[in-house]
Asker: 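One structure, as structure tokens, below. Some questions next.
Since the model is a prediction, treat every value here as computed from it, not as a measurement. Every heavy atom of this structure was used, including side-chain atoms; hydrogens, water molecules and symmetry mates were not.
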Amino acid sequence: MSQYLTRFKAVIPAGGSGSRLGAAVPKQYLPIGQAAMIEHSVRALLRAEWVELVVVVVAPDDRVATSIFATTDRVRVLPQGGRTRRDSVLAGVRFLNQASDARADDWIMVHDAARPALSLGALERLRDAVSDWEGGALLAVPVADTVKREQPLSSPFAQVASTIEREGLWLAQTPQMGRAAALQHALERFAEVTDEASALEAAGIEVRLVSGERRNFKVTTIDDLDMMRALLAKGDEA
């Protein structure tokens with residue numbers, strides 16, 4: 001049982017194929033050092049002793065995650081992954097909310113399987129940011145580069161339509177979190193959202209931006225995978 005007044009649990013949606021990487025296996029199972037990517041992402045959450053349970057949501061026919069986490073304390077594998085990220089997250093949130101000891105005010109964090117370099121420090125900042133808060137929160141980093149909006153053309157090249165003022169713009173990361181009952185309600189109401197913060201926002205719930213880290217990037221391309229392997233090869237997961 002957590003020593004904190006409020007309990008923290010987590011969901012990792014891992015039902016996708018990671019097709020943009022073009023790998024022979026879903027990207028969450030690609031090796032980074034001696035472990036699959038998803039193992040690093042789960043470990044990142046488990047390093048926080050106040051995270052009571054991590055639910056890994058996989059496709060119904062996925063047997064790999066069960067074998068990986070069969071003996072890992074505080075992890076449950078749920079083979080109820082859906083068509084979209086939202087569907088998989090909602091399945092995990094419902095699972096947690098249906099537990100006999102579930103409480104409406106539990107915090108549920110949702111973390112990407114493809115963000116294996118989440119640091120304990122960032123996770124603790126996220127926890128601390130909601131100590132006096134009833135809304136939602138997410139890790140994010142301010143936009144550092146100049147942002148261009150394209151004007152699509154029929155040629156192989158796009159043309160700049162405008163430069164967007166980057167002041168006040170942030171890049172969303174994970175974990176993203178909300179109170180258990182509120183998060184489930186928001187995800188049920190807004191099926192087209194691409195992340196949990198968007199669902200909470202659409203439901204009228206205020207969401208705090210918490211300073212994340214550049215290292216907590218999402219592995220989407222081969223270049224990303226190479227950079228992540230180099231980063232974690234240093235043994236720098238703190």
Asker: Report yes or no: do Leu139 and Val141 belong to one cluster of Ile/Leu/Val/Met/Phe/Trp/Tyr joined by side chain heavy-atom distances under 4.5 Å?
Answerer: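 Unlinked, Leu139 and Val141 end up in two clusters.
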Asker: Are the side chain of Ser41 and the backbone N or O of Ala113 linked by a donor-acceptor pair below 3.5 Å?
Answerer: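 Side chain of Ser41 to backbone of Ala113: a pair is present.
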Asker: Going by heavy atoms in the side chains, are Leu53 and Arg7 under 4.5 Å from each other?
Answerer: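 No, their side chains stay 4.5 Å or more apart.
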Asker: Could you check if a side-chain atom of Val54 sits within less than 4.5 angstrom of a side-chain atom of Phe69, using non-hydrogen atoms only?
Answerer: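 Not in contact.
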Asker: According to the interplanar angle, ranging from 0 to 90°, do the rings of Trp107 and Phe8 count as parallel (below 30°), tilted (30 to 60°) or perpendicular (above 60°)?
Answerer: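 Rings of Trp107 and Phe8: parallel, under 30°.
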Asker: Got a second to check how far Glu39's CD is from Gln34's CD, nearest 0.5 Å?
Answerer: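 It is 10.5 Å, given to the nearest 0.5 Å.
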Asker: State whether the side chain of Glu124 and the backbone N or O of Gly121 hold a donor-acceptor pair below 3.5 Å, judged by distance alone.
Answerer: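 Such a contact is absent between Glu124 side chain and Gly121 backbone.
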Asker: Hey, does the side chain of Thr72 reach the backbone of Val75 with a donor-acceptor pair shorter than 3.5 angstrom?
Answerer: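 It does not hold such a pair.
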Asker: Quick check: does any side chain N or O of His40 sit under 3.5 Å from a backbone N or O of Ile32, one acting as donor and the other as acceptor?
Answerer: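 A pair under 3.5 Å: yes.
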Asker: Could you check if a side-chain atom of Lys148 sits within less than 4.5 angstrom of a side-chain atom of Ile164, using non-hydrogen atoms only?
Answerer: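 Contact flag for Lys148/Ile164 side chains = no.
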Asker: Are Leu45 and Val58 connected into the same hydrophobic cluster when the rule is that any two of I, L, V, M, F, W, Y join if their side-chain heavy atoms are below 4.5 Å apart?
Answerer: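 Shared cluster, yes.
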Asker: Please check if the side chain of Gln151 supplies one atom and the backbone of Val160 the other of a donor-acceptor pair under 3.5 Å.
Answerer: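 Not a single qualifying donor-acceptor pair exists.
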Asker: Can you check whether Gln176's main-chain N or O pairs, donor with acceptor, with Glu196's side chain at less than 3.5 Å?
Answerer: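 Not confirmed, Glu196 side chain does not pair with Gln176 backbone.
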Asker: Under the side chain to side chain donor-acceptor pair (under 3.5 Å) test, which residues partner Ser131, sequence neighbours left out?
Answerer: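 None.
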Asker: Donor-acceptor pair, Thr66 side chain versus Arg63 backbone, under 3.5 Å?
Answerer: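 No, because the side chain of Thr66 does not come within donor-acceptor range (under 3.5 Å) of the backbone of Arg63.
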Asker: Is there a donor-acceptor contact under 3.5 Å from the side chain of Asp224 to the main chain of Thr220?
Answerer: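 At least one qualifying donor-acceptor pair exists.
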Asker: Measuring from atom CG of Asp145 to atom CG of Leu171, what distance do you get when rounded to the nearest 0.5 angstrom?
Answerer: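 Answer for the CG-CG pair, Asp145 versus Leu171, is 8.5 Å.
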Asker: Is there side-chain contact between Pro175 and Leu123, with at least one heavy-atom pair below 4.5 Å?
Answerer: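 Side-chain contact under 4.5 Å: yes.
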Asker: If Ile, Leu, Val, Met, Phe, Trp and Tyr residues are connected whenever their side-chain heavy atoms lie under 4.5 Å apart, and connections chain through other members, are Val56 and Met177 in the same group?
Answerer: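 Val56 and Met177: one cluster.
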Asker: Under the criterion salt bridge (Lys or Arg N to Asp or Glu O under 4.0 Å), I'd like the reasoning laid out for Glu49 against Arg74: C-alpha separation, chi angles, the key distance, then a yes or no.
Answerer: CA-CA 10 Å; Glu49 54 85 19; Arg74 297 154 58 206; over 6 Å; no
Asker: Are Val210 and Leu138 close enough that some pair of their side-chain heavy atoms sits under 4.5 Å apart?
Answerer: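 No, side chains not in contact.
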Asker: Listed by chain and number, what are the side chain to side chain donor-acceptor pair (under 3.5 Å) partners of Arg86, not counting sequence neighbours?
Answerer: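 Partners of Arg86 by the side chain to side chain donor-acceptor pair (under 3.5 Å) criterion come out as none, since no residue qualifies.
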Asker: Do we get Arg208 above Trp133's six-membered ring, with its NZ or CZ under 6.0 Å from the centre and within 45° of the axis?
Answerer: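 Yes, Arg208 sits over the ring of Trp133.
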Asker: In terms of hydrophobic clusters joined by side-chain contacts under 4.5 Å, are Met109 and Val89 together?
Answerer: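 No: no chain of side-chain contacts under 4.5 Å links Met109 to Val89.
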Asker: Show your working on side-chain contact (heavy atoms from CB on, under 4.5 Å) between Arg94 and Gln184 and close with a plain yes or no.
Answerer: CA-CA 7 Å; Arg94 283 173 171 163; Gln184 179 174 329; 3.7 Å; yes
Asker: With a 4.5 Å cut-off on side-chain heavy atoms, are Leu200 and Leu183 touching?
Answerer: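 Of all side-chain heavy-atom pairs linking Leu200 with Leu183, at least one is under 4.5 Å.
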Asker: Given Arg215 and Leu118, is the side-chain contact (heavy atoms from CB on, under 4.5 Å) satisfied, shown in steps?
Answerer: CA-CA 7 Å; Arg215 58 175 287 139; Leu118 172 68; over 6 Å; no
Asker: Is there side-chain contact between Glu201 and Val193, with at least one heavy-atom pair below 4.5 Å?
Answerer: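 No - every pair of side-chain heavy atoms lies 4.5 Å or more apart.
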Asker: Please say which of Asp112, Asp195, Asn216 ends up in a side-chain hydrogen bond (donor to acceptor under 3.5 Å, both in side chains) with Gln173.
Answerer: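 Of all the options given, the one that passes is Asn216.
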Asker: So, Ser88 side chain and Gly82 main chain: donor-acceptor pair closer than 3.5 Å or not?
Answerer: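 A pair under 3.5 Å: yes.
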Asker: CZ of Arg83: more than 12 outside heavy atoms within 6.0 angstrom?
Answerer: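 No, the 6.0 Å shell around CZ holds no more than 12 heavy atoms from other groups.
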Asker: Would you call Asp106-Lys9 a salt bridge at under 4.0 Å N-O?
Answerer: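 Salt bridge: yes.
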Asker: Taking the side chain as C-beta and beyond, is there a heavy-atom pair between Gln80 and Pro60 under 4.5 Å?
Answerer: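 Sidechains of Pro60 and Gln80: no contact.
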Asker: As an exercise, state the distance from CG of Leu30 to CD of Gln28, rounded to the nearest 0.5 Å.
Answerer: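 Answer for the CG-CD pair, Leu30 versus Gln28, is 8.5 Å.
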Asker: Tell me which pairs pass salt bridge (charged side-chain N to carboxylate O under 4.0 Å, His left out) where either residue lies in residues 157-172, with sequence neighbours left out.
Answerer: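 The answer is none; no pair qualifies.
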Asker: In this structure, would Leu96 and Leu187 fall into the same cluster of hydrophobic residues linked by side-chain contacts under 4.5 Å?
Answerer: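 Both belong to a single hydrophobic cluster.
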Asker: Is it the case that more than 12 heavy atoms not belonging to Glu188 sit under 6.0 Å from its CD atom?
Answerer: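 Atom CD in Glu188 is packed in, count exceeds 12.
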Asker: Taking Arg179 for its side chain and Asp105 for its backbone only, find out whether a donor-acceptor pair lies under 3.5 Å.
Answerer: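 Such a contact is found between Arg179 side chain and Asp105 backbone.
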Asker: Enter the distance from Leu126:CG to His111:NE2 here, rounded to the nearest 0.5 Å.
Answerer: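 It is 11.0 Å, given to the nearest 0.5 Å.
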